[in-house]
Amino acid sequence: MTPKIVFDNVTRRFDLKGGSFLALDRFSLDVADGEFVTVVGPSGCGKSTALNIAAGLLKASGGEVTVDGKPVEGPGPERGMIFQQYALFPWLSVRDNVEFGLRIKGEPPARRREIAERFIDLVGLGQFADALPKTLSGGMKQRCAIARAYAVDPVILLMDEPFGALDALTRVQLQDQLLETWSRERRTVMFITHDVDEAVYLANRVVVMAAGPGRLQEIIEVDLPYPRTEEIRLSPEFTAIRNRVWHAVYHQQPAQSHG
Amino acid sequence: MSAASAKPRTASSGKAERGPAMDFASLGLNIVGVAAGVAIWWALTGSGVVGLPRPPEVLARFIELLGSGQLLRDTVASLARVLTGFLLGVLLAIPVGFAMGWYKVARALVEPYLQFFRMIPPLAIIPLAIVTMGIEETPKIFVIFLASFLASVVATYQGVISVDRTMINAARVLGAKDFTIFRRVVVPASTPFILVGVRIGLGSAWATVVAAELIAAQSGLGYRMQQAQLYYDLPTIFVSLFAIGILGLVMDRMLQAVERRLTIWQERI
Ligand SMILES: Nc1ncnc2c1ncn2[C@@H]1O[C@H](COP(=O)(O)OP(=O)(O)O)[C@@H](O)[C@H]1O
Ligand SMILES: [Mg+2]
């Protein structure tokens with residue numbers, strides 16, 4: 001089966017005063033259709049850079065990302081994105097936030113409302129449809145952002161530390177909700193996190209990246225069954241994989257110099 | 001959340017947290033403060049220590065000017081100038097501010113003029129304006145226009161450049177193109193800044209009109225004070241000053257109410 005997303009030697013430099021900075025160096029990765037991939041690595045290793053290039057928000061300096069074989073040239077409706085800072089539009093109600101993408105798609109009002117209603121209910125914000133974001137907790141804001149992304153029906157979800165700002169309990173709830181929706185609808189998910197436990201709990205495969213320059217370090221298979229449960233989280237198998245990922249993240253060799 | 005804390009805030013935002021009981025108490029204190037001020041004024045002027053008119057004289061003059069219709073005519077004349085100049089200034093400032101925030105080229109072209117004219121007090125333009133535009137309404141309105149334009153354009157520009165990048169990216173991944181992003185994200189996100197600029201603009205428009213009328217006018221509150229000065233008519237000067245202060249306060253409160261309505265979505269920490 002052909003992969004859904006292909007990173008082919010993706011390189012990104014940022015221009016700085018007096019030179020350029022290599023943020024991502026020849027990053028290659030295949031993500032299969034319907035796969036849940038998590039990406040971990042030290043801060044500054046190029047995780048967001050890679051994800052933003054796949055989203056079409058950032059251009060690669062070298063190499064390319066293809067989705068279904070087509071090179072990414074900008075954002076597209078088949079790729080939804082969730083940000084750590086929620087990025088809701090604070091002047092719009094939950095409902096209007098969720099309808100934002102539908103309006104751009106040109107859906108008629110009645111249909112917009114119907115679709116928005118469905119996803120607002122899905123994330124459990126039914127009672128808050130007319131509330132402004134400022135009245136919501138962090139977890140509810142992120143659920144609203146998730147509903148907004150789902151509403152335009154993307155086949156790929158790109159998530160950049162989406163639960164990074166939430167408390168531990170809310171985080172676990174949202175992880176389980178996300179997994180549940182994913183099991184049902186089988187979107188392809190690329191999920192960045194700095195939390196090793198979260199990376200292992202969610203993923204089919206954990207991609208470990210290294211810094212200086214940002215690059216791929218190791219890919220670790222997580223052969224634990226879904227649905228993931230409390231027991232799995234506490235099992236010795238989970239702990240073993242978690243330790244491998246931990247080791248890969250925190251005991252990295254310094255970068256090899258090339259050319 | 002550092003971006004949120006940089007957002008402009010109305011002076012009233014702290015007050016909203018306190019209960020209505022507190023509001024009543026402070027309203028009561030306001031009234032007590034004003035009454036005490038009038039009492040002190042009365043006591044000082046009544047004993048003849050200070051050569052200023054006493055409150056009853058000012059009140060009598062107020063009733064007289066109101067009855068003759070002169071106060072109303074002067075007020076309308078001043079207000080008409082302020083509102084014309086102010087509206088023209090704000091209507092031009094908003095698109096120019098947006099263009100500067102959105103297009104680097106526009107910013108580079110306009111910025112030197114803006115920096116330069118900001119350093120010149122609008123009143124300093126009056127002599128030039130009178131020479132080139134005559135002594136009719138045009139030069140006064142022009143100066144007020146300039147004052148409110150300069151105040152609002154900077155605020156609008158600031159608003160546009162401080163729109164959260166992530167919010168723009170969120171709109172882009174939802175399929176929004178440049179124009180939609182501008183209309184549905186940049187404009188609403190910068191409204192709080194623009195409104196702060198509009199309020200500052202109105203303040204400086206009001207300050208400018210009175211000064212402009214002192215120099216060259218045949219009507220208006222500033223002109224009335226100028227005339228009264230010639231005849232040592234202190235009560236009329238007092239009435240005009242009160243009118244200017246109260247009208248300014250009322251307009252500012254009205255804008256503040258509009259501002260609160262339009263920015264109700266803002267997170268206030
Ligand atoms: N716009 C930019 N200009 C300059 N440097 C940048 C820019 N964006 C990211 N970087 C740098 O690139 C590196 C990788 O950034 P990022 O992908 O955000 O890392 P991560 O998400 O893994 O923490 C960092 O060192 C960061 O400072
Ligand atoms: Mg990041």
Side-chain angles (χ1 to χ4, degrees), chain A residues 48 51-52 54-58 72 74-94 96-107 131-136 138 141-142 144-154 156-162 165, chain B residues 1-10 12-14 16-17 94 98 104 156 159-196 198 258-269:
Chain A
S48 298
L51 201 74
N52 285 332
L57 293 172
L58 204 60
V72 167
E78 78 286 357
R79 280 159 291 142
M81 191 158 180
I82 314 276
F83 304 85
Q84 178 176 358
Q85 311 88 323
Y86 323 125
L88 295 176
F89 306 114
W91 52 89
L92 298 180
S93 66
V94 166
D96 290 337
N97 264 284
V98 176
E99 286 188 18
F100 190 92
L102 299 166
R103 193 186 286 269
I104 289 167
K105 256 186 165 180
E107 299 281 5
L132 284 173
K134 72 168 181 180
T135 64
L136 305 179
K141 281 181 186 155
Q142 196 57 293
C144 176
I146 290 171
R148 182 176 68 177
Y150 283 162
V152 289
D153 199 21
I156 296 171
L157 277 183
L158 305 169
M159 308 180 83
D160 194 347
E161 304 198 22
Chain B
M1 288 266 97
S2 61
S5 59
K7 291 250 172 73
R9 200 139 310 171
T10 56
S12 65
S13 64
E17 265 87 71
I94 290 175
F98 271 122
K104 276 211 168 68
T156 307
V160 174
I161 59 172
S162 51
V163 176
D164 185 5
R165 286 295 323 168
T166 317
M167 219 188 284
I168 291 177
N169 281 342
R172 286 181 67 197
V173 295
L174 288 167
K177 300 282 179 278
D178 270 8
F179 180 69
T180 312
I181 291 174
F182 183 76
R183 196 161 70 97
R184 296 207 182 277
V185 180
V186 176
V187 172
S190 38
T191 320
F193 289 84
I194 295 171
L195 290 174
V196 168
V198 166
V258 171
E259 185 181 324
R260 220 171 310 153
R261 272 207 79 111
L262 289 179
T263 61
I264 200 151
W265 48 267
Q266 261 195 308
E267 301 219 20
R268 305 186 198 277
I269 304 153

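Letters A, B, ... are given to chains in the order of the sequence lines, protein chains preceding strands, and every chain is numbered from 1. Since the model is a prediction, treat every value here as computed from it, not as a measurement.
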Residue A:Leu88 versus chain B: region with a heavy atom under 4.5 Å
backbone
B:Thr156: which of B:Thr191, B:Val196, B:Ile161, B:Ile194 passes side-chain contact (heavy atoms from CB on, under 4.5 Å)
B:Ile194
If one checks every heavy atom of A:Leu132 against chain B at 4.5 Å, the contacting part turns out to be side chain
Under a 4.5 Å cutoff for heavy-atom pairs, which residue among A:Ile82, A:Leu92, A:Asn52, A:Leu57 has the most contacts with chain B?
A:Leu57
With no hydrogens and no angle check, is any side-chain donor or acceptor of A:Ser93 less than 3.5 Å from a backbone partner on A:Asp96?
yes
Selection from B:Val185, B:Ile168, B:Thr180 maximising heavy-atom pairs under 4.5 Å formed with chain A
B:Val185
If one checks every heavy atom of A:Arg103 against chain B at 4.5 Å, the contacting part turns out to be side chain
Using modelled atom types and a 3.5 Å cut-off, is there a donor and acceptor pairing between side-chain atoms of A:Gln142 and backbone atoms of A:Phe83?
yes
Mind checking the CZ-SG spacing from A:Phe89 to A:Cys144? Nearest 0.5 Å is all I need.
10.0 Å
A:Arg79 side chain to A:Ile156 main-chain N or O, any donor-acceptor pair under 3.5 Å?
no
